[in-house]
Amino acid sequence: AEIAKKLQEAAEKDAQDAKFAKFVAEGDAFGTALKYPEAKGKYEEALKIKADAATQAKLDGINAKIAEQDALNAESAAKKQKFDQAMTEADALFKTGKWEEAKAKYNEAIAVDATAALPKEKVKLCDAKILELSTDKEKTEKINALLSEGNALFGSEKYNESKAKYTEILGLDPANS
């Protein structure tokens with residue numbers, strides 16, 4: 001009976017060792033496949049069977065990888081949120097014609113994600129609108145100056161010279177009559 005008991009204990013130990021080895025091998029395979037949560041589960045199952053320093057070291061390594069992934073995911077989510085917020089604010093400014101402010105917000109989005117094409121396109125649109133506005137402002141200022149000169153000349157009864165100023169205004173803005 002004693003021998004039978006020893007044989008059964010040895011068979012149970014062999015079965016436990018085989019189960020342990022199976023869990024460790026599965027954990028190793030999951031770790032190699034970068035399936036860290038699954039690897040963690042297998043190593044934990046193995047350690048429930050018996051304490052083993054090498055398996056504990058593998059589990060610690062997997063836990064470190066999971067923590068690293070979690071940190072990267074959190075950083076990525078924060079980056080996306082910052083990008084989305086900058087784009088939303090920029091789009092709102094763009095729609096209201098605040099080109100300079102919109103451009104600054106689009107540049108903030110580019111600083112967060114330099115690979116994104118949309119904010120770069122929007123910066124070009126802002127630049128075009130700013131240039132258009134600047135050109136329109138310069139044109140308006142020139143027309144106003146010519147109009148003042150033309151009116152002064154007309155008031156001084158210098159009709160031919162005032163007509164030249166008015167004609168110059170029409171050359172800049174044919175709709176201005």
Side-chain angles (χ1 to χ4, degrees), residues 1-140:
E2 185 75 26
I3 294 175
K5 185 177 177 186
K6 293 276 184 193
L7 287 174
Q8 184 169 347
E9 286 176 5
E12 286 174 7
K13 185 181 181 308
D14 287 346
Q16 289 292 76
D17 286 347
K19 197 173 178 183
F20 174 85
K22 178 180 177 266
F23 283 137
V24 171
E26 289 172 350
D28 291 346
F30 281 129
T32 301
L34 308 180
K35 295 182 177 180
Y36 301 130
E38 293 88 344
K40 177 181 177 174
K42 294 298 180 178
Y43 290 139
E44 287 172 344
E45 287 297 318
L47 290 170
K48 286 179 187 173
I49 295 170
K50 72 176 181 179
D52 180 70
T55 304
Q56 184 61 54
K58 290 178 181 184
L59 177 60
D60 293 344
I62 290 295
N63 283 332
K65 294 278 188 189
I66 290 171
E68 186 180 309
Q69 276 186 338
D70 289 347
L72 286 174
N73 290 341
E75 182 182 324
S76 178
K79 186 176 171 182
K80 182 183 181 336
Q81 182 182 4
K82 190 173 180 181
F83 176 84
D84 290 346
Q85 182 178 353
M87 287 298 292
T88 299
E89 291 174 13
D91 287 342
L93 290 164
F94 188 89
K95 287 176 184 168
T96 59
K98 296 179 179 173
W99 316 120
E100 291 286 350
E101 294 96 327
K103 179 180 174 182
K105 285 292 178 181
Y106 287 127
N107 280 325
E108 277 182 35
I110 292 168
V112 173
D113 183 359
T115 63
L118 184 60
K120 292 175 185 173
E121 292 170 20
K122 293 286 192 163
V123 165
K124 288 178 185 173
L125 286 174
C126 287
D127 284 340
K129 293 289 188 180
I130 292 165
L131 180 63
E132 183 181 306
L133 211 56
S134 166
T135 304
D136 286 350
K137 184 178 177 190
E138 290 172 16
K139 184 174 158 184
T140 301

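Atom CD of Glu44 is separated from atom CG of Leu59 by 5.5 Å, given to the nearest 0.5 angstrom. Taken to the nearest 0.5 Å, the CD1 atom of Ile49 stands 5.5 Å off from the NZ atom of Lys19. Rounding to the nearest 0.5 angstrom, the gap separating the NZ atom in Lys5 from the CG atom in Leu7 is 12.5 Å. The distance from the CD1 atom of Ile62 to the NZ atom of Lys40 is 10.0 Å, given to the nearest 0.5 Å. One finds the CD1 atom of Ile110 at 5.0 Å from the CG atom of Asn107 (value rounded to the nearest 0.5 Å). A distance of 7.0 Å separates CD in Glu9 from CD in Glu12, rounded to the nearest 0.5 Å.
Within a 6.0 Å sphere centred on NZ of Lys80, other residues, nucleotides and ligands contribute 12 heavy atoms or fewer. Within 6.0 Å of CD in Glu75 there are 12 or fewer heavy atoms belonging to other residues, nucleotides or ligands.
Using modelled atom types and a 3.5 Å distance limit, the side chains of Tyr36 and Asn63 yield no donor-acceptor pair. For the 3.5 Å distance criterion, the side chains of Gln85 and Gln81 fail to qualify, holding no donor opposite an acceptor.
Cation-pi geometry between Lys50 and Phe20 is met: under 6.0 angstrom from the ring centre, within 45 degrees of the axis.
Nearest heavy atom pair, residue Ala39 against residue Gly31, reads CB-N, 3.6 Å. The shortest heavy-atom contact between Met87 and Ala109 is SD-CB, 3.7 Å.
Ionic pairing of Lys124 and Glu121 is not present here: no N-O contact between side-chain nitrogen and carboxylate oxygen is shorter than 4.0 angstrom. Glu26 and Lys22 are joined by a salt bridge, as a carboxylate oxygen and a charged side-chain nitrogen come within less than 4.0 angstrom of each other. A salt bridge links Glu108 and Lys105; the closest N-O separation between the charged side-chain nitrogens and carboxylate oxygens is under 4.0 Å. Between Asp113 and Lys79 there is no salt bridge, since no side-chain N of the basic residue sits under 4.0 Å from a carboxylate O of the acidic one.
With Ser76 contributing its side chain and Leu72 its backbone, the two residues share no donor-acceptor pair below 3.5 Å.
The shortest distance between side-chain heavy atoms of Lys42 and Val24 does not fall below 4.5 Å. With a 4.5 Å cut-off on side-chain heavy atoms, Lys6 and Glu2 count as touching. For the pair Thr55 and Phe23, the minimum side-chain heavy-atom distance is 4.5 Å or more. Inter-residue side-chain proximity for Lys122 and Leu125 is flagged as met; some heavy-atom pair is nearer than 4.5 Å. Between Asp91 and Tyr106 there is a side-chain heavy-atom pair separated by less than 4.5 Å.
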Item to complete: Check step by step if side-chain contact (heavy atoms from CB on, under 4.5 Å) holds for Trp99 and Phe94.
Response: CA-CA 6 Å; Trp99 316 120; Phe94 188 89; 3.6 Å; yes
Practice prompt. Evaluate side chain to side chain donor-acceptor pair (under 3.5 Å) for Gln56 paired with Asp60, printing each intermediate quantity in order.
Written response: CA-CA 6 Å; Gln56 184 61 54; Asp60 293 344; 2.9 Å; yes
